[in-house]
Amino acid sequence: MSSIEILRQKLESKSVVRVGGAFDAMSAKLVEMHGFDAVWAGSFAISATHALPDASIMTMTEFLHVTTSMVDACNIPVIADCDTGFGGPTNVSHMVKKYENAGVAAISIEDKIFPKQNSLLEDGKQELLSEKEFVAKIIAAKDARRNSDFMIIARTEALIAGFGMNEAIQRARAYEKAGADAILIHSKKNNPDEVFEFADTWGGKLPLVIVPTSYPTIKLNELKSHKIKIIIYANQTLRAAHAAMNRVLEQISNSESLSEIKEEISSMEDIFHLQKMYELKKQEEMIEHNLKKMGYIN
Ligand code: SPV
Ligand code: MG
């Protein structure tokens, strides 16, 4: 089954689809190993691992390169955060072709003006594209995909940009009408009230997606009653890795020897397992077995 089909099947069979954020192949693999339904290849986390602002600095090709490494490492679907689509409708069209070819299951595009800034940045510049221009991007994305199950998630930043609930609802309805496959409603409030209000009011039929970074108190059992279908844990792996590396580096820099390191770090075996080092042995044995059969070695 293709990753596109797996994602569609999960949406049909599960009440909530849980998506873990990743920033490279290793973190994506860990997301998979911990039983999440899909991977979020987020622009914030990927930009951070390049020590760059989440502000449309990295190119589409650079994001795609990282995202492809996640697809190659994982069996679960990868959902790519494609920011504003890297330009206008023509850029979106090119992007969809590239991401679909790479084996990505879904892309998310947001209705901000390029270059965008991260939605949760205090006093960040949050400028909305017109509804019409964003609808044009959705039309371009739909037209560019080969598999009609490849998902196009339309993300509205109306609440982030301070345009209010009515604007958010109107845009979500327009994006549904334009043919989006899911709506992502983003909020930077520190409680889920406005997301619940949106979910209870908009009246759409598409799966609703949330990213509750700023309102972490939201519980899984609250999602179903508000018809929220997909929850994205966008950046916790990145922040955990950042915190753990800082702690261990601090300890090493203050120690005479590595044996003083108290910080719990993964064993070499853990990493060998993740990078499939042990499978090399099996491959060597298989090759040897065949070489023997063919009379090259005794
Ligand atoms: C990301 O993870 O890159 C997102 C979510 O787009 S947010 O950082 O909240 O904008
Ligand atoms: Mg992003």
Side-chain angles (χ1 to χ4, degrees), residues 17-24 27-28 30-31 36 38-60 62-67 70 77-87 91-92 95 99 104 106-129 134 137 151-163 168 175 180 182-192 194-195 198 208-218 228 230-242:
V17 170
R18 302 177 78 191
V19 184
F23 46 85
D24 62 6
S27 51
L30 291 174
V31 165
F36 287 85
V39 171
W40 170 251
S43 66
F44 166 69
I46 295 173
S47 300
T49 59
H50 291 72
L52 287 171
D54 181 16
S56 305
I57 307 292
M58 287 178 63
T59 64
M60 185 209 79
E62 288 175 312
F63 278 117
L64 179 60
H65 181 70
V66 178
T67 307
M70 299 185 196
V78 174
I79 301 173
D81 171 10
C82 293
D83 285 349
T84 60
F86 307 101
N91 303 79
V92 169
M95 179 200 89
Y99 275 77
V104 166
I107 54 108
S108 168
I109 47 174
E110 64 197 60
D111 57 2
K112 286 215 296 253
I113 290 174
F114 176 94
K116 64 103 219 207
Q117 293 187 357
N118 183 272
S119 307
L120 304 181
L121 182 71
E122 192 96 18
D123 295 326
K125 222 164 97 188
Q126 308 294 342
E127 291 173 332
L128 280 195
L129 199 65
F134 193 68
K137 291 191 188 186
M151 282 186 71
I152 291 145
I153 303 172
R155 160 170 165 178
T156 182
E157 295 274 297
L159 299 176
I160 296 283
F163 279 69
Y175 303 162
I183 299 293
L184 193 162
I185 180 69
H186 205 18
S187 165
K188 59 183 175 189
K189 288 270 158 64
N190 62 9
N191 65 65
E194 72 174 6
V195 163
F198 174 93
L208 199 56
V209 188
I210 61 162
V211 186
T213 309
S214 69
Y215 49 99
T217 51
I218 194 166
I228 296 168
I230 303 179
I231 178 166
I232 298 175
Y233 308 98
N235 57 38
Q236 289 69 26
T237 53
L238 173 89
R239 288 155 65 195
H242 180 268

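Remember, it's 1-based here, ligands and their atoms both numbered in the order they're listed. Note that the structure is predicted; figures quoted are calculated from it, not measured.
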[X] side chain to [Y] main-chain N or O, any donor-acceptor pair under 3.5 Å?
| X | Y | value |
| --- | --- | --- |
| S214 | K189 | yes |
| D81 | D83 | yes |
| K188 | T213 | no |
| Q126 | N118 | yes |
| S56 | K116 | yes |
| K112 | Q117 | yes |

Notebook entry, point to check: Do the non-hydrogen side-chain atoms of N235 and W40 ever get within less than 4.5 Å of each other?
Noted result: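 Not touching, per the 4.5 Å side-chain cut-off.
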
Check: About how many Å separate CZ of F134 and CD of E157, when rounded to the nearest 0.5 Å?
Finding: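 Spacing of CD (E157) from CZ (F134) equals 9.5 Å.
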
Next item on the list: Have a look around the Mg ion (ligand 2) and list protein N/O/S atoms under 2.8 Å, or say none.
Entry: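 N, O, S partners closer than 2.8 Å: S43 OG, D81 OD2.
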
Next item on the list: Indicate the atoms forming the closest heavy-atom contact of T49 with F23, along with that distance.
Entry: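 Here T49 and F23 meet closest at CG2-CD1, 3.3 Å.
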
Note to self: I'd like the contact residues of ligand 1, where contact means a heavy atom below 4.0 Å.
What the structure shows: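 For ligand 1, the residues that come within the 4.0 Å heavy-atom cutoff are W40, G42, S43, F44, D81, N118, S119, L120, R155, H186, A234.
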
